[in-house]
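One structure is given below, encoded as structure tokens.
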Amino acid sequence: MDYNFNEVESKWRKEWANNKTYKTSNESDKPKCYVLDMFPYPSGAGLHVGHPLGYIASDIYARFKKLNGFNVLHPMGYDAFGLPAEQYAIQTGQHPKVTTDANLTRYRDQLDKIGFSFDWDREIKTCEPEYYKWTQWIFGQLFKSWYNNQSQKAESIENLTLIFENEGNATVDAACEETPVFTAAEWSKKNEKEQSDILLNYRLAYLSDSMVNWCPALGTVLANDEVINGLSERGGHPVERKLMLQWSLRISAYAERLLQGLENIDWTDSLKEMQRNWIGKSTGASLTFKVNNSNLDLEVFTTRPDTVYGVSFMVIAPEHEYVGQLTSADKKDDVEAYVTTSKNKTERERMADVKNVTGVFTGSYAVHPFTGKEIPVWIGDYVLAGYGTGAVMAVAAHDSRDYAFAKKFDLPILPVIEGGNIEEEAFEAKTGKMINSDFLDGLKVKQAMKTAIWKIETEGLGKGKTNYRLRDAVFGRQRYWGEPIPMYFDKGIPKLVEESEYPLTLPEVDEYLPTEAGDPPLGRAKDWKPENGDNYELSTMPGWAGSSWYYLRYMDPNNDGTFASREATDYWNQVDLYIGGTEHATGHLLYSRFWCKVLFDLGHIGFEEPFKKLINQGMILGTSALAYRVAGYGQEVNKDSFSGDIFISKNLIPAVKKHFVDPQNCTSEERAIYRNVQEQIESIEKQENLVPGSTSINPVSPIHVDVSIVTNNELNIEKFKAWRPEFSNAQFVLENGKYICGEEVEKMSKRWFNVVNPDDIVKEHGADVLRLYEMFLGPLEQAKPWSTKGIDGVSRFIRKFWNLFHDAEGVFSVSGDQPSKEELKVLHTLIKKAQEDIENFSFNTSVSAFMVCVNELQKLKCNKKAVLKELAITLSPYAPFIAEELWSKLGESGSITAATFPAFNPSYLVESVHKYPVSFNGKMRFMLELPLDLDKAEIETQVLAHENSQKWLNGNAPKKVIVVPKKIVNIVV
RNA sequence: GCUCGAGUGGCGGAAUUGGUAGACGCGCUGGAUUCAAAAUCCAGUUCUUGCGGGAGUGCGGGUUCGAUUCCCGCCUCGAGUACCA
């Protein structure tokens, strides 16, 4: 009897659940191993075959580690707050929790089918109050902290208040907004509101008027990583800049540590590079320019202090705070018009306009700090308000953007470095000697940078400075379906909700829309008022809040007294292996590192990097199927008789197309194909009573066909007609009796009809086959198209493996005989390979190794328990169901998951002979088996004496013979 | 534009330190079995050829007895980023 995967898999699914086979304890003598997947957002579409790829890889790793004596934590949960459920709620009025729960159930059902070793007792959902209670608590920790640049860590805000009370803020070196200096006496005179406002400048979670990404379509602000090319990540809606009172997190305080921390973690270089670019560290100097006839100072940041003598004008951003004061009366209209236009541009418009240089002169002049010359101050939107000081010193000769601006507005271009041609373009290289630069003349660029900074500092004009591109993260969302920010307002003063009142639960509302007054949806909640204050904060937290610390909650998921006990976090410590997609590079992965460092600084956990090793699984792409419809057919001529379309099979098309365009140059083969197609079409015309020759057979318009009705590129015509009724009368021009579809690799998406669901694969082939096949597709990190083409090979492998344990009649039959030398060699070759491959995350090659092993054992007709038992254990991380079933059939007690991974014994692989490939001039010519104990000279003699050598030498003496023992022999003629 | 990654049969891919290029699987071809089919098994399958060979890992060079692997210069594709001063 054949292997019945349905029966076996459903049996063990139940057994494992009933026995809690995958329960993990926090107490164990074994070494720990924490294997984590990026938890999913449960979308309405369910899982497609791309989603479980990483989960399968991590599951194999987790099971392997368990077999190797580790106490393994391998949990799963859901990132359950999010925009799609809320958008759906707005449309249908259904509570987002209802849709989310329905999606969760479906996800769980799909995940359960695949046989993961998740400890479901640790499942978490970020939308549950028991969970977000602690997300709110962490927000509270951020609110109650400030970042001390001196100690390079977060500290309690109470300490800061104490410093203010005793010595004012002059001695404080903090990551903060610009705050006027005050003394202790001045501090104590300030009222509660004033003190609160000042403290907000220092807190890690703070409320401030800041430029935010406002997305009108979604009715909320977005963080920088949620805006892609000026459009919202979710939904692709336009985003504009807007000044708003917003909660933000001071991640910028951690820029340097987030950068340095990358050195100590085992992530891919590309991912680290993305984070480095996102943090965007640059070093240079800040420099102050005095404005003529004014007491204003313009501060700029530059990475090229060496080029200071090349400054010929200045440019400030349209949003710069001095715009008004710098504008002279006669320029007022121009400037106002320009500033208004710039402000009304969306991010996207501004980006699309990069090549179009715009700007306006303010009418004011600044004074060059070294030459004393007057230089004009312009406004230009190529200068970003959010970076540096929002103002630049323009060095047209050595910066391409300044160069373009100078060319457009006919401003002077002053070269200060030798080389380059300023008639043509800016010379941006950081090499060459300084000229026209007074005290810098003759220096090389690198030296000039240092000298210029030294001079700037000694003259008191500015100082050396490091800048980061990383901006603070906007934390409030004007949406319903998220964690309420646990703050309330008391006479305009923001106050933290008492910890004893957490969770501050999400109130019910009548509609998931903003109020008429423009407040967020929470403004609709009735009787939702704090006891001691006026009103609660109406924003909720962004989607990434819950995911920034969930890895900690898995360690101690049911703790009601703290986010996770210190014992639990000390025991499980960092995540040993984290698998997930690259799309979270600058969002989730950066925020998680940030929160981890804050919790570490405040002494709540004992490590400051959450994910020790991280692997990115490549995206699984879809393979779309295409059918080719001809451009025109007889329909117009004789409408009544034929209302269908004609489709031409894929491999006929090139010849038909060529014949259509260039019949003269067709080969006889191409003509034959063309004639064949023509004949088939003529017969269709005849059959359908069309005017003969009325069909144009120039094929065009490929149509996407549902991949489920295509097998090995062959279209199931009946199913196709049923699927698309408008083609129910279609006719098909076939090749070899089949309609062959074309292929296209595209993202897996409903609109291309190329989505493949794991449930269907499990139903048809079993979960073990799905798991093996997903791994067999190719390297984990690489993006690859899904195609079901090769899955039969894996199915066959599973059956062959099963058959090793069964006789020809399908009766279970294993022998207790001692394994032969050869059988042991086959087994231990596999054990070695499987072990190495898992440790290198090369799962595709280990599946090959399993196939080789089973093929060989089949040839050897091996049914010896001693071999098969170890083989079953080795395979069990990949194919847990069949392995568990055979384990119990072998009469072993307990679950195979509690077995021990077979120890590799190298003595079984020791050989006494080696088959040498013998090459002449590097080309392999023949193989020669020789004993391993021969020395180089003996090998050479034996090889040269061989008759094949004589043939290849052709009477000539070899020039040189290279012998690499146990490898190759190469003879140079 | 910049940064990172990748290019190997009809297809997915292998070759872990410079040492037999194409493992394993799909597909295809032929055969066995079968009344027939499915399933299974066996053999073949990089291209080319005059059947001796010859060519071959994106392209052009180089180092080496020997290069998919190392070096130099290009090309193509993918991902990220985009006025960051």
Side-chain angles (χ1 to χ4, degrees), chain A residues 2 228-230 268-274 276-278 280-282 284 300-304 307 315 350-351 353-355 357 380-384 386-395 398-402 404-405 467-471 582-583 585-586 616 618-619 621 623 712-713 743 772-773 776-779 781-794 796-797 799-800 803 833 836-837 840 842 844-852 855 858 915-927 951 958-964 966-973:
Chain A
D2 265 356
I228 292 168
N229 289 331
T268 57
D269 288 338
S270 69
L271 199 69
K272 287 190 191 182
E273 198 58 30
M274 271 190 237
R276 279 190 201 108
N277 290 341
W278 191 260
K281 180 177 183 174
S282 56
V300 299
F301 172 73
T302 178
T303 55
R304 296 297 300 273
T307 62
V315 188
R350 211 154 142 171
M351 274 157 62
D353 243 7
V354 166
K355 288 197 188 88
V357 178
D381 68 4
Y382 81 94
V383 176
L384 303 177
Y387 185 76
T389 60
V392 301
M393 56 175 228
V395 184
H398 302 288
D399 180 287
S400 59
R401 297 149 306 175
D402 297 343
F405 198 82
N467 232 332
Y468 300 90
R469 197 183 84 116
L470 183 69
R471 300 270 70 98
T582 350
E583 66 271 24
T586 49
N616 293 120
M619 202 199 308
L621 302 163
T623 307
N712 288 333
N713 292 344
E743 291 181 329
L772 281 162
Y773 187 60
F776 189 56
L777 274 177
E781 293 98 327
Q782 215 167 284
K784 52 210 161 244
W786 175 266
S787 144
T788 327
K789 269 191 202 164
I791 201 162
D792 291 337
V794 175
R796 256 169 234 153
F797 158 76
R799 259 175 283 152
K800 282 190 212 173
N803 289 338
K833 178 87 177 135
E836 286 171 357
D837 282 349
N840 293 320
S842 174
N844 54 327
T845 51
S846 53
V847 177
S848 296
F850 285 119
M851 289 175 170
V852 172
N855 288 346
Q858 189 183 43
K915 265 195 162 178
Y916 283 92
V918 181
S919 303
F920 288 78
N921 294 334
K923 279 269 170 204
M924 206 280 287
R925 295 304 179 182
F926 63 93
M927 303 292 289
K951 181 179 125 195
K959 270 191 202 155
K960 196 173 178 185
V961 178
I962 291 107
V963 175
V964 185
K966 236 195 143 178
K967 286 259 162 87
I968 53 107
V969 178
N970 190 20
I971 298 162
V972 186
V973 187

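Chain A is the first sequence line, chain B the second, and so forth, proteins listed ahead of strands; every chain is numbered from 1. All values below come from the heavy atoms of this structure, side chains included, with hydrogens, waters and symmetry mates left out.
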- Respond yes when some side-chain nitrogen or oxygen of A:Ser282 is under 4.0 Å from OP1 or OP2 of B:A85, and no when none is. yes
- Would you say B:G27 has OP1 or OP2 under 4.0 Å from some side-chain N or O of A:Lys789? no
- Query: Is the closest side-chain heavy-atom distance between A:Ile791 and A:Phe776 below 4.5 Å?
  - Reply: no
- Query: Below 4.5 Å, heavy atoms only, C-beta onward: do A:Val794 and A:Met851 meet side chain to side chain?
  - Reply: yes
- Note on the structure: A:Asn970 CG to B:G19 P, in whole Å, measures 13 Å
- Quick one: is A:Arg799 getting a side-chain N or O under 4.0 Å of the B:U40 phosphate, OP1 or OP2? yes
- Ignoring hydrogens and angles, does a donor from either the side chain of A:Lys923 or the base of B:U20 sit under 3.5 Å from an acceptor on the other? no
- Message: Any side-chain N or O of A:Arg796 below 4.0 angstrom from OP1/OP2 of B:C26?
- Response: yes
- Task: State whether A:Asn803 places a side-chain N or O below 4.0 Å from either non-bridging phosphate oxygen (OP1 or OP2) of B:U40.
- Result: no
- Closest of B:U20, B:A85, B:A82 to the A:Arg469 side chain is B:A82
- Task: State, with a plain yes or no, whether a side-chain heavy atom of A:Tyr773 is found less than 4.5 Å away from one of A:Phe797.
- Result: no
- Message: Take a 6.0 Å sphere around CG of A:Asn921 and say whether it holds more than 12 heavy atoms from other residues, nucleotides or ligands.
- Response: yes
- Message: Does B:A79 have its OP1 or OP2 closer than 4.0 Å to a side-chain nitrogen or oxygen of A:Gln782?
- Response: no
